[in-house]
Amino acid sequence: MLDLALENCSINQNIVNIGVKDGKIASISKSPLKADKKINIKGKIILPGLIDAHVHFREPGYEYKEDFRTGSMAAAHGGFTTILDMPNTKPETNTAKEFKKKIKIASKKSIVDFGLHASINKIKEIEKIIPLKPASFKIFTEKIENHKISLIFQTLKGSKIPVTFHCEDPEIIEYYTSQLKDETRPEIYSLARPSIAEELAIAKAITFSHHYNHPTHICHVSSKKALKLIRSVRAPVTCEITPHHLLLRSKDLKKWGTITKTNPPLRPEKEAINFKDLKMIDIIATDHAPHTLQEKENNIWDAPPGIPNLEVTLKLLLTLTRKKRLKLARIQKMLSEKPASIFGLKNKGRIKIGMDADFVVIDPKKTGKIKTDEFYSKAHYTPFEGREYIGEPIMTILRGELIMEYGEISKNKGAHIKSKYTKE
Ligand SMILES: NC(=O)N[C@@H](CC(=O)O)C(=O)O
Ligand SMILES: [Zn+2]
Ligand SMILES: [Zn+2]
């Protein structure tokens with residue numbers, strides 16, 4: 001007997017019933033299924049559970065901003081069933097000891113499945129972290145010398161674990177920031193970290209990827225020129241865009257102030273990435289980067305960069321599908337299929353027999369306005385506040401268990417998802 005049957009699902013223009021057993025997709029059939037629990041999906045949209053390759057749940061060390069419990073509840077609320085957490089915690093996730101500690105914390109507190117990106121301080125730690133199957137090794141180009149990046153790539157030879165980059169050139173940022181230091185208008189932040197700083201750092205990342213022929217992923221690409229640069233070379237490079245770099249512009253810094261401060265910064269319309277450029281981008285990732293409202297309301301130079309997005313991203317994208325700016329199939333590809341393949345999440349990202357029974361059920365007609373008082377995240381602010389949306393995730397199902405239903409979150413237990421990309 002099946003544990004769960006999702007009935008009347010519209011998958012690739014067919015109406016089918018999806019059978020779930022022991023957390024896996026056991027059958028997809030046109031005939032009725034016998035199951036302990038049945039959910040009728042008629043009139044709704046069902047997608048593979050979304051995967052967010054780029055979140056900051058701030059634990060350990062910055063739990064006052066977010067933690068694995070609140071961050072993962074926000075993920076479930078937004079239709080995400082798997083997240084990949086970033087290593088810029090305190091202490092950083094750059095040793096096998098810290099990596100194991102974070103697995104323990106997340107295994108206790110996360111209600112969605114999780115993978116972890118690692119960062120690197122001592123090169124010799126890489127060999128100890130690889131067996132723990134990290135989603136990637138993360139490099140901030142602002143903080144590391146070139147020779148050290150080459151040692152990281154050399155050490156990763158023979159492994160397919162990607163290197164992910166935050167690409168901004170520190171010398172350019174330092175110069176333009178020094179020229180603008182007396183400015184207080186938030187919108188100058190885009191000038192302090194100009195697109196050329198990102199392009200220059202991307203050129204470096206691509207060179208390493210090409211030279212070592214190693215899979216490399218560029219985080220939060222913010223400008224069209226940066227994107228064209230990535231696509232102009234033959235190298236195993238993938239990239240991501242955030243909802244804010246797709247939908248907001250540097251003028252929103254003027255309107256929303258430091259709430260929209262993020263690295264890399266929002267770009268002016270003439271430099272920014274538009275919907276038609278999405279075909280050049282592999283995935284959408286939220287870069288969910290919560291801070292306290294008090295921290296964010298500081299001046300443009302002292303407010304921390306980062307925007308929380310887990311609970312608004314799917315609503316914003318669904319609304320774009322209604323406005324014919326985006327196809328649902330692209331959402332599925334950029335938020336489920338591709339993140340799973342880039343980061344080696346073996347049983348995730350597709351509705352196919354044998355895969356984890358991870359789904360998001362959407363009511364395409366449900367309308368509303370983005371309201372931060374409904375957020376599970378500790379960060380109750382967003383530059384999308386008040387924006388009207390059409391289409392809302394109403395159920396999130398993780399390995400056959402309902403973890404969100406009409407905005408209510410259940411206390412479920414997420415599992416550590418290990419990358420399949422270890423030694424070849
Ligand atoms: N994106 C941001 O502006 N901030 C991120 C760090 C990062 O992803 O660069 C954060 O951790 O707050
Ligand atoms: Zn970053
Ligand atoms: Zn980030």
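Each residue takes its place number in the sequence, starting with 1. As the structure is a prediction and not an experimental result, all values here were calculated from the model. Each ligand, and each atom within it, is numbered from 1 in the order the structure gives.
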(message) Can you classify the ring geometry of Phe165 versus Phe153 as parallel (below 30°), tilted (30 to 60°) or perpendicular (above 60°)?
(response)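 Rings of Phe165 and Phe153: parallel, as their planes differ by under 30°.
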
(request) Mind telling me whether His166 and Phe140 have parallel, tilted or perpendicular rings, with 30° and 60° as the class edges? (result)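 The rings of Phe140 and His166 lie parallel, inter-plane angle below 30°.
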
(message) Which atom name would you report as the N, O or S atom of His220 nearest the Zn ion (ligand 2)?
(response)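 Distance check against the Zn ion (ligand 2) picks out NE2 in His220.
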
(message) Which atom name does His166 have for its N/O/S atom nearest to the Zn ion (ligand 2)?
(response)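 So the atom name we want here is ND1.
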
(request) Flag the pair Glu269 and Arg249 as a salt bridge only when some basic side-chain nitrogen lies within less than 4.0 angstrom of an acidic carboxylate oxygen. (result)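 Result for this pair is yes, salt bridge flagged.
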
Quick check on the 6.0 Å ring-centre criterion: do [X] and [Y] meet it?
X      : Y      : value
His288 : His56  : no
His117 : Phe137 : no
His217 : Phe343 : yes

(message) Is His56 close enough to the Zn ion (ligand 3) that one of its N, O or S atoms comes in under 2.8 Å?
(response)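 Yes - counting backbone and side chain alike, His56 has an N, O or S atom under 2.8 Å.
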
(message) Using a plain distance cutoff, I'd like to know if Phe140 has any nitrogen or oxygen under 3.5 Å from a nitrogen or oxygen of ligand 1.
(response)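 Between Phe140 and ligand 1, no N or O pair is found under 3.5 Å apart.
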
(request) Please confirm whether Lys102 makes a cation-pi placement over Phe99, using NZ or CZ under 6.0 Å from the six-membered ring centre and within 45° of the ring normal. (result)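 No; the conditions do not both hold, so Lys102 does not lie above the ring face of Phe99.
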
(request) Find, among atoms of Asp287 that are N, O or S, the one nearest to the Zn ion (ligand 3), and state its name. (result)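 Closest to the Zn ion (ligand 3) among those atoms: OD1.
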
(request) Ignoring hydrogens, just give me the one of Glu142, His166, His291 whose non-hydrogen atom is nearest atom 7 (C) of ligand 1. (result)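 Going through Glu142, His166, His291 one by one, His166 has the nearest heavy atom to atom 7 (C) of ligand 1.
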
With heavy-atom distances below 4.0 Å as the criterion, list the atoms of ligand 1 near [X].
X      : answer
His220 : 8 (O), 9 (O)
Asp287 : 1 (N), 2 (C), 8 (O)
Pro305 : 2 (C), 3 (O), 4 (N), 10 (C), 12 (O)
Ala289 : 5 (C), 10 (C), 12 (O)

(message) Among all the protein's non-hydrogen atoms, which is closest to atom 5 (C) of ligand 1, and how far away is it?
(response)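 That would be His56 NE2, 3.8 Å.
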
(request) Return the residue, atom name and 0.1 Å-rounded distance of the protein heavy atom closest to atom 3 (O) of ligand 1. (result)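 Nearest protein contact, heavy atoms only, for atom 3 (O) of ligand 1 is Asn263 N, 2.7 Å.
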
(message) Less than 4.0 Å is my threshold; does some heavy atom of His54 fall inside it relative to ligand 1?
(response)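 It does; at least one heavy atom falls under 4.0 Å.
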
(request) Quick one: look at Ile307 and ligand 1, take heavy-atom pairs under 4.0 Å, and tell me if it's side chain, backbone, both or neither. (result)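 Neither part.
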
(message) Heavy atoms only, cut-off 4.0 Å: how does Arg58 contact ligand 1, side chain, backbone, both, or neither?
(response)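 Just the side chain.
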
(message) Pairing donors with acceptors under 3.5 angstrom, does anything connect the side chains of Glu171 and Tyr176?
(response)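 Glu171 vs Tyr176: no donor-acceptor pair found between side chains.
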
(message) If I take atom CD from residue Gln294 and atom OG1 from residue Thr292, how far apart are they, to the nearest 0.5 angstrom?
(response)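 If we round to the nearest 0.5 Å, Gln294:CD and Thr292:OG1 are 5.5 Å apart.
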
(message) Between Lys261 and Asp252, is the salt bridge (charged side-chain N to carboxylate O under 4.0 Å, His left out) condition met? List the steps.
(response) CA-CA 10 Å; Lys261 174 179 176 176; Asp252 289 295; over 6 Å; no

